[in-house]
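Take a look at the structure set out below.
All values reported here derive from a predicted model rather than from experimental measurement. We're numbering straight along the sequence, starting at 1.
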Amino acid sequence: MVRANGAVSLRELARVVQTSEVTVRRDVRALEAEGLLDRRHGGAVLPGGFSREPGYPQKTHLAAAEKSAIADLAAGLVEEGDAIVVGAGTTTQELARRLARVPGLTVVTNSLLVAQALAHANRVEVVMTGGTLRGSNYALVGSGAEQSLAGLRVTKAFISGSGLTAERGLSTANMLSASVDRALVQSANEVIVLADHTKLGADSMFQTVATDAITRLVTDEHTAAEDPTARELDALADCGVQISVAALGLTAEAPAVHPQPSAAPPRRPVPPAGLAAPGTPLPGQRRPAPHGGLPIAARLAERIR
């Protein structure tokens, strides 16, 4: 999976091998020690240096549920009559699909995918930049795209990238894409970054937006308070970035404020005295391992190879 996609989230790995994220995290550490992959906050990437940019087909399947939740939350930040810019990316494409019902909206974009998502929205005006088509992500780049953005002024910019850190801000793996994204950001009063948890703490070659220029980050919910992703969010908040966290499976009407107190887990019923809970092994028995006892690390290594 990592070789095919360039990166993969712990949540996706846990789903594929049908185990918990805690177990996957432990096995990913073991695979990193063997040199098969590099750990990133919330996921894993191919070993060696900066994260590379996977192609569009791979991106569409990476953290799909998280991107959908982020897009739901980000759409609530757009108001009737706004003029906004939307950059290229699969997360911004998800956002565009939700903007079709916002009346009086003007969207400036260099993304063919964003424009396509809004092509039949009668109440939305779409303005495309010029430029040269970059086929790997269906975006217009180059001097033509940058010149068409000169003198533009909008209320908000929605932008994504390959990685986000508190130290360096938003970054991407392609120089031409980074240059156009910087031009998009310079036209906006507010800069809103859309980044799922697999991008937090990751770094790429070309800086797009410095941390002090980011107004808000919209991301998905992370796992535990001690997770490196949570620490990265705290560092971004300390730099003045507003953090909005989208809960998976819920469509948010308003941005959540980070951090959020977690609700107490429901209490499980206690079986009557003398009865074991369902699935509990009898004394002297061992709980059967999933998938016929094949170790999870072995299954992960087989998929990576």
Could you tell me which non-hydrogen atom of Asp203 sits nearest to which non-hydrogen atom of Ser171, and how far apart they are?
OD1-OG, 3.3 Å
Could you give the distance from CG (Asn174) to CG (Asn137), rounded to the nearest 0.5 Å?
7.5 Å
Report all side-chain donor-acceptor pairs from residues 108-118 shorter than 3.5 Å, counting only partners two or more places apart or in another chain.
from: Thr109; atom 1: OG1; to: Val86; atom 2: O; distance (Å): 2.7
from: Thr109; atom 1: OG1; to: Ser111; atom 2: N; distance (Å): 3.0
from: Asn110; atom 1: ND2; to: Leu140; atom 2: O; distance (Å): 3.0
from: Ser111; atom 1: OG; to: Leu113; atom 2: N; distance (Å): 3.2
from: Ser111; atom 1: OG; to: Val114; atom 2: N; distance (Å): 3.1

Can you tell me how far the CG atom of Leu248 sits from the CD atom of Glu66, to the nearest 0.5 Å?
5.0 Å
Check whether Thr211 reaches the backbone of Gly169 with its side chain - one donor and one acceptor, N or O, closer than 3.5 Å.
yes
Within the side chain of Arg168, is there an N or O that forms a donor-acceptor pair under 3.5 Å with the backbone of Ser204?
yes
Could you check whether Arg216 and Ser244, counting side-chain N and O atoms only, form a donor-acceptor pair closer than 3.5 Å?
yes
Taking side chain to side chain contact (heavy atoms under 4.5 Å, CB included) as the test, write out the residues that go with Ala119, two or more places apart.
none
Which atom names give the shortest non-hydrogen contact between Ala69 and Ala247, and what distance separates them?
CB-O, 3.9 Å
Val107 backbone acceptor or donor facing Glu125 side chain under 3.5 Å:
no
Nearest-0.5 Å distance, CD1 of residue Ile159 to CG of residue Leu95
12.5 Å
Grouping I, L, V, M, F, W and Y whenever their side-chain heavy atoms are under 4.5 Å apart, do Val102 and Val218 come out in a common cluster?
yes
Indicate yes or no: at least one non-hydrogen side-chain atom of Leu236 is less than 4.5 angstrom from one of Leu164.
yes
Side chains of Arg98 and Ser68: do they bring a donor and an acceptor to under 3.5 Å?
yes
Criterion side-chain contact (heavy atoms from CB on, under 4.5 Å) against Val209, the qualifying member of Ile214, Thr215, Asp181
Ile214
Would you say Leu217 and Gln242 make side-chain contact, with heavy atoms under 4.5 Å?
no
Mind checking the CD-OG1 spacing from Glu190 to Thr155? Nearest 0.5 Å is all I need.
7.0 Å
Give the minimum heavy-atom separation between Ser187 and Val85, together with the two atoms involved.
OG-CG1, 3.8 Å
Does Arg134 use its side chain to pair, donor to acceptor, with the backbone of Ala139 at less than 3.5 Å?
no
Taking atom CZ as the centre, does Arg123 end up with more than 12 heavy-atom neighbours from other residues, nucleotides or ligands that are less than 6.0 angstrom away?
yes
With distance as the sole test, does Ser148 use its side chain to make a donor-acceptor pair with the main-chain N or O of Thr129 at under 3.5 Å?
no
Would you call Val124 and Thr106 a side-chain contact if the rule is heavy atoms closer than 4.5 Å?
no
Between Asp82 (side chain only) and Ile84 (backbone N and O only), is there a donor and an acceptor less than 3.5 Å apart?
no
Starting at CD of Glu146, measure out to CG of Leu184 and round the result to the nearest 0.5 Å.
9.5 Å
Qualifying residues under salt bridge (charged side-chain N to carboxylate O under 4.0 Å, His left out), relative to Arg182, sequence neighbours excluded:
none
Identify whether Val126 and Leu133 are in the same connected component of the hydrophobic contact network (ILVMFWY, side-chain heavy atoms under 4.5 Å).
yes
Rounded to the nearest 0.5 Å, how far apart are CD1 of Ile192 and NZ of Lys156?
6.0 Å
Restricting to non-hydrogen atoms, name the atom on Glu79 and the atom on Leu105 that form the minimum distance, rounded to 0.1 Å.
O-CD1, 4.4 Å
Val78 versus Phe158: any side-chain heavy-atom pair under 4.5 Å?
yes
Given Lys199 and Ser160, is the side chain to side chain donor-acceptor pair (under 3.5 Å) satisfied, shown in steps?
CA-CA 10 Å; Lys199 298 177 181 179; Ser160 188; 3.1 Å; yes
Minimum heavy-atom distance between Ala145 and Val180, given as atom pair plus value:
CB-CG2, 4.0 Å
